[in-house]
Amino acid sequence: MSFQHVEFGLGTVLAEVSNLDYKFALMRSIPERGRGVIARYRDFLPVNDETPIVSLGEGDTPLIYSPRLSERIGRGCDVFVKNEGVNPTGSFKDRGMTVAVSKAIERGARTLICASTGNTSASAAAYAARAGISCVVILPGGKIATGKLLQAFAYGAKIVAIDGNFDDALRIVRELGERGDFSIVNSINPDRIAGQKTAAFEIVDEIGGAPDFHLLPVGNAGNITAYWAGYGEYQARQRTFPERQSNASTKVPAMIGFQAAGAAPIFHNQIIQKPETIASAIRIGNPASWKQARAAIAESHGAIDIVSDGEIIAAQTWLARYEGIFVEPASAAAIAGLFKCCDSSEAAYSFKKIPEQSRIVCTVTGHGLKDPDIIMQRMRELKPVPATVNDVQRAIDL
Ligand code: F0G
């Protein structure tokens, strides 16, 4: 049986599904890692034998120990960076998208739709392409990072830019979704949250328990909701999954979220009509999972805080130069937040007196190449020198 490229349409989708099942049967003997989050965490996800799995091998992302960030905190603490930028489309969205698209196909969906600040649209477009169905993305015009928009075009999505922000786009998507023509794959779809929980599972599996603190950027607030659900579920289920007992969580972390100072509705406890930040991924004034984020922060005894655009860009540069991890600005909010917890007397959560040997995880959510504009402004023109060793040595100027 061959795997054919197919046109949009229900008939062709079903043909592809049976092909996928066939491929999966062949792959059963291959270890579960590297085959995507559904293969690895099936027991924890809303899938069954009838669900056609649409995967691009997402998840299993590196949890990188950072000696320099650990040193910054001191007290024998360990800091790890969970690098979600190495997912198939370069962001954490792929974890939720594999589940949301698989379930949508199971329900007979023919067209996906999402509002996005860029990454959700790139991910939705890729998974729709993989499944052989169409995808519509509604974006705030002129506010999407170059690399993300380019991805949506490459994967063949129908792209509509609006004269409005993300919150307007999501309002329109909700309305279109209610009419039944489209399957919504924003994080208001619980299947997206279910898939994103797997990042928490991976962290617990890797370090042999939950960390003490988990820092991450907050935009529409789906990810902080998902991590908190993931940690809670893993902790609760350890009794019923003895095979996971040895490295199961016995505690849950304090969740500390960071919003950009100009787009911080949860921090200020009010809708921001005109959110503004250089971190366009989290330029959101009325997050859909606001209440769930508040609950995660309260139940985990965590905090919500803000970081300025200047702090975000400084953290992005620092992480690239001192750890070799290049992330997009929104992701750097987690690192800027860590610095704030260490250094600032105004931090909502101070790390000055945290218990010795605490373990801290920072999630960096998207790859730096997606949003090159700021760094490109800093690039000097490269003038070629003559192709001789002497000229090159002179140009190196060490
Ligand atoms: N980091 C990046 C790189 C993002 O793209 C997003 C959200 C977030 C953080 C915040 O995550 O919304 O779950 O709180 N991006 C969405 C999008 C809104 O459309 O791509 P959140």
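Source: prediction; values computed, not measured. One-based numbering, in listed order, for ligands and for the atoms of each.
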Do Phe44 and Tyr234 have ring centroids that are under 6.0 Å from one another?
yes
Mark up the atoms of ligand 1 that fall under 4.0 Å of a heavy atom belonging to Thr120, in ascending order.
16 (C), 17 (C), 19 (O), 20 (O)
Check the angle between the aromatic planes of Tyr322 and Trp318 and answer parallel, tilted or perpendicular using the 30° and 60° thresholds.
tilted
Considering only heavy atoms, which of Phe92, Phe166, Phe258 lies nearest to atom 11 (O) of ligand 1?
Phe92
Ser116 neighbourhood, listing ligand 1 atoms whose heavy-atom distance to it stays under 4.0 Å
17 (C), 19 (O), 20 (O)
Would Ser187 count as a contact of ligand 1 if the rule is a heavy atom under 4.0 Å away?
no
Excluding sequence neighbours, so at least two apart, what forms side-chain hydrogen bond (donor to acceptor under 3.5 Å, both in side chains) with Asp168?
Arg171
Ile282: numbered ligand 1 atoms lying under 4.0 Å from its heavy atoms
8 (C), 9 (C), 10 (C)
Indicate yes or no: does Glu233 engage Lys197 in a salt bridge with an N to O separation below 4.0 Å.
yes
Quick test of your reading of the model: are Lys93 and Glu84 salt-bridged, counting only N-O distances below 4.0 Å?
no
State whether a side-chain donor-acceptor pair under 3.5 Å links Arg110 with Ser183.
no
Of the protein's non-hydrogen atoms, which lies at the shortest distance from atom 12 (O) of ligand 1, and what is that distance?
Asn220 N, 2.7 Å
Any nitrogen or oxygen of Gly222, main chain or side chain, under 3.5 Å from a nitrogen or oxygen of ligand 1?
yes
Identity of the nearest option to atom 10 (C) of ligand 1, non-hydrogen atoms only, from Gly85, Cys114, Gly219, Ser280:
Gly219
Atoms in ligand 1 flagged as close to Ile284, the criterion being non-hydrogen separation under 4.0 Å
18 (C)
Which residue and heavy atom of the protein sit nearest atom 13 (O) of ligand 1, plus the separation
Asn223 N, 2.8 Å
Can you tell which part of Leu216 has a heavy atom less than 4.0 Å from ligand 1: side chain, backbone, both or neither?
neither
Side chain or backbone of Ile224 under 4.0 Å from ligand 1, or both, or neither, by non-hydrogen atoms?
neither
In plain terms, say whether Asp373 and Arg378 are close enough for a salt bridge, that is, a side-chain N and a carboxylate O under 4.0 Å apart.
no
Around atom 2 (C) of ligand 1, find the nearest protein heavy atom and jot down its residue, atom name and distance.
Thr365 OG1, 3.3 Å
Nearest-contact summary for atom 4 (C) of ligand 1 - protein heavy atom, Å:
Ala281 CB, 3.5 Å
The closest protein heavy-atom partner of atom 15 (N) of ligand 1 is Lys93 NZ, 2.9 Å
Decide yes or no for Thr61 and Asn83: does some side-chain heavy atom of the first lie under 4.5 Å from some side-chain heavy atom of the second?
no
Rounded to the nearest 0.5 angstrom, the CG-CE distance for Asp191 and Met97 is 11.0 Å
Would you call the rings of Tyr349 and Phe213 parallel, tilted or perpendicular if under 30° counts as parallel and over 60° as perpendicular?
perpendicular
Below 4.0 angstrom, N of the basic side chain to O of the carboxylate: do Glu106 and Lys103 qualify?
yes
Ligand 1 N/O within reach of Asn119 N/O, cut-off under 3.5 Å
yes
Quick one: which ligand 1 atoms are inside 4.0 Å of a heavy atom on Thr117?
15 (N), 16 (C), 17 (C), 18 (C), 19 (O), 20 (O)
Closer than 4.0 Å to some heavy atom of Val218 - which atoms of ligand 1 meet that?
14 (O)
